[in-house]
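Below: the structure, in structure tokens.
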Amino acid sequence: MIPASVQILHWSHYVAACLFALGMFGFLIRKNAIVVLMCIELMLNAVNLILVEVSMRSGHPEGLIFVIFIITVAAAEAAVGLGIILNLYRAKGTVNIDAFRELQG
Amino acid sequence: MMEFLLLSMILIPLLGSILNGLLLRSGSPARTGTLASTAAGLSFLAALLLCWNYLSTGQIVNVNFEWLRVGGLNLAWGFRFDAITVLMSLVVTGIGTLIHIFSIGYMDEEPTPYRFFAYLNLFLSAMLILVTGANLPVMFVGWEGVGLCSYLLIGYWYEDIKKADAGMKAFVINRIGDAGFLIGIFMLFQIFGTVDFESMKLIVDGSGSLNVRWLQFAAFFLFVGAMGKSAQIPLFTWLPDAMAGPTPVSALIHAATMVTAGVYLVARMGFLFRVSPDVSHFVATIGCATALFAASIATAQRDIKKILAYSTVSQLGFMFVALGVGAYSVALFHVMTHAFFKALLFLAAGTIIHGLHGEQDVCKMGGLRKHFPVTFITTSIAVAAICGLPPLSGFFSKDAIVFAALTGPYGGPYLWAGLSLASLLTAFYMSRFYFLVFFGEYRGNAHPHEGGWAMKLPLMDLAIGSAVVGFLGMPHGLHVLPNYLDQLLVPTVPGWEEAHAFLTEIQSMVVAVAVALTGIAIAAFFYLPNPARSDKAAPKLLAIDTILKNKYWVDELYEVVFVVPFRFLSGVAARIIDPRVIDAAVLFPSRLARAGGTLLTFIQSGSSQFYLWIMLTGGLLVLWQALKGLIV
């Protein structure tokens, strides 16, 4: 028995689900570190989309506030992530993440 | 007050040992020796006061501290000063003090005298614990303590591997005896429920319902302990080797005191041995065999200390015969007289060795009566005493033993004959020693000189002792003096009634003197006229001579029977059992863990995307589990 509120699906939910799936599989499959980072952003934005939609429909502003926070954090994360990738490139001359597996047992 | 004295008697030497060992590590022989001798002297003083107290009031001093309380065992640190202890503690502290003083002179060129004197004082303390202990475990503490000190002092010059080995040998052989002693203690606890001497004695004296067979077993195992400590057949081989230690040590530990601990043990447990006829016969037989065996070896030895060592083994055999036939007070009498004349002989040997710069071969001595006048006179007294010439101390005690062997409760003519033959041999080898060392011309090339007063005074004191202590135990048969010693010991050791025999006491004495004179005469015949030829003058019964020189090959026999198989077994254990069984068992768990770890290392590949795949799979599984019930 599925609760009633979940049954009410908006078309934007499908869009968000597609975006999240794209981001996730890109993250799992792609080898370029920058693309991997971009996939993370994609997943974050899929979540943002759902938050905005649900917040608009229910009239509660918390979802919108969350979105603002997530965008802020994502910006910081992107900056740090790019910095790390830059250093990885300096270390090995490549950004292929398969080149970085020193932490194995 | 008396309790305090008893404790001081035991603890002052211990204190001296600690002070010497910790504070005087750079002290000269004179300084460390003076400290040690003072400690020994104070202990002797305490013993004298305690003795005076016992003789004047007859009160037995007891000190008890709680030690163990386990199940039915209620054990105390109990010390007791009774009749046997009067005798033993006076001998130990008195002769001990004299030997301490002698050591100051003997060890005058030692680089580390503090070690020697610390051990010597420690020995004194342990020996006093042994003779004052009121129960078997306390006695065992002292027993092990003297064993340790014996080991430390035999191996005192440990840079010489042979001497260190001799210490080891003494220690290991004593372990065999100690195992027997421990088994004996356990059995006695099982039988009596107590290990206190007085309580056990009351039970034995009071009830006839004890199982004599088990008592005999316990007595036998105690005697095994005594065999080890007192160097009886078959555990005697360590004592001649123990001569590797400094000569004062041989005098104190391996002649006068420690080796008599076995005699003391059997006498202390006399109430037990008295009701164990089979074990008593065994003790007497072993004693008689040892007396003969060791005396015969002593006749062919050339090392001055080895002669005395075998003589000690032989004399201990005499004491065990006395114990075996049930004449406990007689055995203790001989312990006392032997302590005097044998300590004197060893100290005299020490003086000579010291004066000849380490020479120990009697064939390279001779004519020393001119160079060592004091030693000569004192040794003459000791030799006469051990040969059994009246009226010196050895005469009375040895005669008492020989007579007891004939008339004691478990005695018999064969023991009497054995001991008489052993007395003949004793007179022979002691006279041989005496003639070879002091008569004829000097055959060595050192510059003989006698030691200082620190060495001469103890010799004189011991000579006086050797001459007169026999009067304390004059036999009843002579009707000259009462037998003070018997009167003293009667409350503590079982008495005995003389059985009727084919000799009276006076006839036995006459025979003993005749035997001694014969032995001396034979030795004089072979060695006195021409000692320059020294050992070549020995009876040319070549086979016997070779056998005796090689000490019946007992050491070699033990080497083949025990040491070689033991080495072989140890080798098997080291090469097969240790790596294949024990190591394998220990290493198996570690190898298992390592193999498991190797199997699972593929999980940690270092690829973060692989981790994410696993995470995703796990997350989905969890999600599926959670929603399974919801989505029908």
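Reminder, nothing fancy here: chain letters follow the sequence lines and each chain counts from 1.
- By the 30° and 60° cut-offs, the orientation of the rings of B:Phe181 relative to B:Phe140 is perpendicular.
- Closest approach of B:Lys229 and B:Met258 over heavy atoms only: CG-O, 3.8 Å.
- If you measure heavy-atom distances from B:Leu600 to chain A, you find no contacts under 4.5 Å at all.
- Other residues, nucleotides and ligands contribute at most 12 non-hydrogen atoms within 6.0 Å of the CE atom of B:Met168.
- More than 12 heavy atoms of other shown residues, nucleotides or ligands fall within 6.0 angstrom of atom CD in B:Glu66.
- Judged by a 6.0 Å distance limit and a 45° cone about the ring axis, B:Arg175 is positioned over the six-membered ring of B:Phe171.
- Using non-hydrogen atoms only and a strict 4.5 Å limit, the part of residues 26-52 of chain A facing chain B consists of A:Phe27, A:Leu28, A:Ile29, A:Arg30, A:Lys31, A:Val36.
- More than 12 heavy atoms of other residues, nucleotides or ligands sit less than 6.0 Å from atom CZ of A:Phe100.
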